[in-house]
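Reviewing the structure listed below.
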Amino acid sequence: MKERFGAIPAVVEDFWRTFGHTKRLNCGQDTWIFPGHYSKWKWLEKYEDLILLNENQGVFQACVRREDLSLPDPPVYLLEGNSPRLLSAPAVSEFLEAALLYESVFQLEYSPEEFFEFTEADLAVIRSSLTKRPALQKNWFVTETAFYSNRLDNLVVIMDMGNGDYQSIYGGATEESYAALMEVLEGLGEPI
């Protein structure tokens, strides 16, 4: 990879070395791109930037611009066709935290089958009753994705679709953590 790109930020190398061996998490909603993918997937050859994550339908990708690869923790951008790049996170470390939180909600054992649509009133309840996690993801198929919980082992993902529309998926790692979440979420939102 260093031969191809000249430099790889240490935060990306650390991610590859640790997370790259966690099959349960890297077989989630979207596809993480690891060094081995560059030699077997020809579609990656068209990109000058370092691709980190490919959206599950291949419509857009998260990348580090080639000119930023010498930075220790460079920004991450969204690529979508020929559109201008949009900032997704000011640093790879922040992008990884938010993207991994999003991917992890799909791995929680206790969760509803569907996504939910929330109103501003629903969000007011969530914001006043749950703790917002510091991670934030921007421009990853929605305007902004935020994360809330009331225990370390449960999670609510709120996706701001723009124009006052919000979608959510949530879950808990245990029946107990899911029940704690449902004390707040019961009766909120409409299944999509």
Side-chain angles (χ1 to χ4, degrees), residues 1-108 111 114-115 133-147 155 157-163 165 167-169 171 192:
M1 293 301 285
K2 287 180 180 175
E3 284 179 26
R4 179 184 172 106
F5 290 103
I8 301 293
V11 69
V12 173
E13 284 190 56
D14 290 343
F15 170 71
W16 286 340
R17 284 191 180 105
T18 56
F19 180 75
H21 300 285
T22 311
K23 294 213 183 285
R24 182 171 180 208
L25 284 176
N26 62 37
C27 294
Q29 181 70 4
D30 301 306
T31 304
W32 292 98
I33 306 299
F34 297 105
H37 293 132
Y38 275 85
S39 61
K40 71 178 186 180
W41 291 344
K42 297 296 181 199
W43 66 268
L44 286 167
E45 292 176 6
K46 69 180 179 181
Y47 294 103
E48 288 294 314
D49 299 323
L50 176 65
I51 305 299
L52 298 174
L53 186 61
N54 185 42
E55 183 264 342
N56 65 12
Q57 297 175 16
V59 175
F60 46 87
Q61 296 77 34
C63 74
V64 176
R65 297 182 309 181
R66 181 180 283 274
E67 58 266 28
D68 293 339
L69 288 172
S70 62
L71 299 173
D73 198 4
V76 174
Y77 292 89
L78 174 82
L79 287 174
E80 184 174 9
N82 293 326
S83 300
R85 293 182 191 108
L86 297 173
L87 184 67
S88 187
V92 170
S93 57
E94 291 179 37
F95 174 82
L96 293 174
E97 182 180 2
L100 289 170
L101 274 171
Y102 175 76
E103 296 293 321
S104 72
V105 77
F106 295 97
Q107 302 295 325
L108 295 173
S111 63
E114 59 273 304
F115 279 73
R133 296 201 178 191
L136 189 67
Q137 192 173 37
K138 294 181 180 256
N139 300 314
W140 184 252
F141 76 86
V142 297
T143 304
E144 184 176 280
T145 303
F147 307 92
L155 183 64
V157 177
I158 302 290
M159 295 167 280
D160 181 346
M161 309 302 284
N163 301 320
D165 295 328
Q167 291 184 9
S168 178
I169 185 169
I192 298 175

Note, Trp41 side chain near Thr31 side chain (heavy atom, < 4.5 Å): yes
Considering residues at least two apart in sequence or located in another chain, which fulfil the side chain to side chain contact (heavy atoms under 4.5 Å, CB included) criterion with Lys2? Ile8, Glu13
Under the side chain to side chain contact (heavy atoms under 4.5 Å, CB included) test, which residues partner Asp160, sequence neighbours left out? Thr143, Glu144, Tyr166
Output all residues satisfying side chain to side chain contact (heavy atoms under 4.5 Å, CB included) with Ala135, sequence neighbours left out; order by chain, then residue number. Glu97, Ala98, Leu101, Phe147
Return all side-chain donor-acceptor pairs below 3.5 angstrom for residues 62-80, not counting sequence neighbours, or 'none' if the list is empty.
{"residue": "Arg65", "atom": "NE", "partner": "Asp68", "partner atom": "OD2", "Å": "2.9"}
{"residue": "Arg65", "atom": "NH2", "partner": "Asp68", "partner atom": "OD1", "Å": "3.2"}
{"residue": "Arg65", "atom": "NH2", "partner": "Asp68", "partner atom": "OD2", "Å": "3.0"}
{"residue": "Arg66", "atom": "NE", "partner": "Glu48", "partner atom": "O", "Å": "3.2"}
{"residue": "Arg66", "atom": "NE", "partner": "Glu48", "partner atom": "OE1", "Å": "3.2"}
{"residue": "Arg66", "atom": "NH1", "partner": "Arg4", "partner atom": "O", "Å": "3.3"}
{"residue": "Arg66", "atom": "NH2", "partner": "Glu48", "partner atom": "O", "Å": "3.4"}
{"residue": "Asp73", "atom": "OD1", "partner": "Val92", "partner atom": "N", "Å": "3.0"}
{"residue": "Asp73", "atom": "OD1", "partner": "Ser93", "partner atom": "N", "Å": "2.9"}
{"residue": "Asp73", "atom": "OD2", "partner": "Ser93", "partner atom": "OG", "Å": "2.5"}

Results of ring pair (Phe, Tyr, Trp, His ring centres under 6.0 Å) for Tyr38 - residues two or more places apart only: Phe5
To the nearest 0.5 Å, tell me how far Gln137 CD sits from Leu100 CG. 9.5 Å
Exercise: identify the closest heavy-atom pair between Glu94 and Pro90: OE1-CG, 3.2 Å
Take the angle between the ring planes of Phe34 and Phe15 and call it parallel below 30°, perpendicular above 60°, tilted in between. parallel
Once side chain to side chain donor-acceptor pair (under 3.5 Å) is applied, do any residues pair with Gln61, and if so which ones, sequence neighbours excluded? Tyr47, Asn54
Name all residues meeting the salt bridge (charged side-chain N to carboxylate O under 4.0 Å, His left out) criterion together with Lys40; count only those two or more places apart in sequence or in a different chain, and write none if there are none. none
Do Phe106 and Asp30 come close enough that some side-chain heavy atom pair is under 4.5 Å? no
Could you tell me the separation between the OG1 atom of Thr145 and the CD1 atom of Ile158, rounded to the nearest 0.5 Å? 9.5 Å
Provide the closest heavy-atom pair for His37 versus Trp32 in the form atom of the first, atom of the second, distance. CE1-O, 3.2 Å
Sequence neighbours excluded, the answer for side chain to side chain contact (heavy atoms under 4.5 Å, CB included) partners of Pro35 is Met1, Trp16
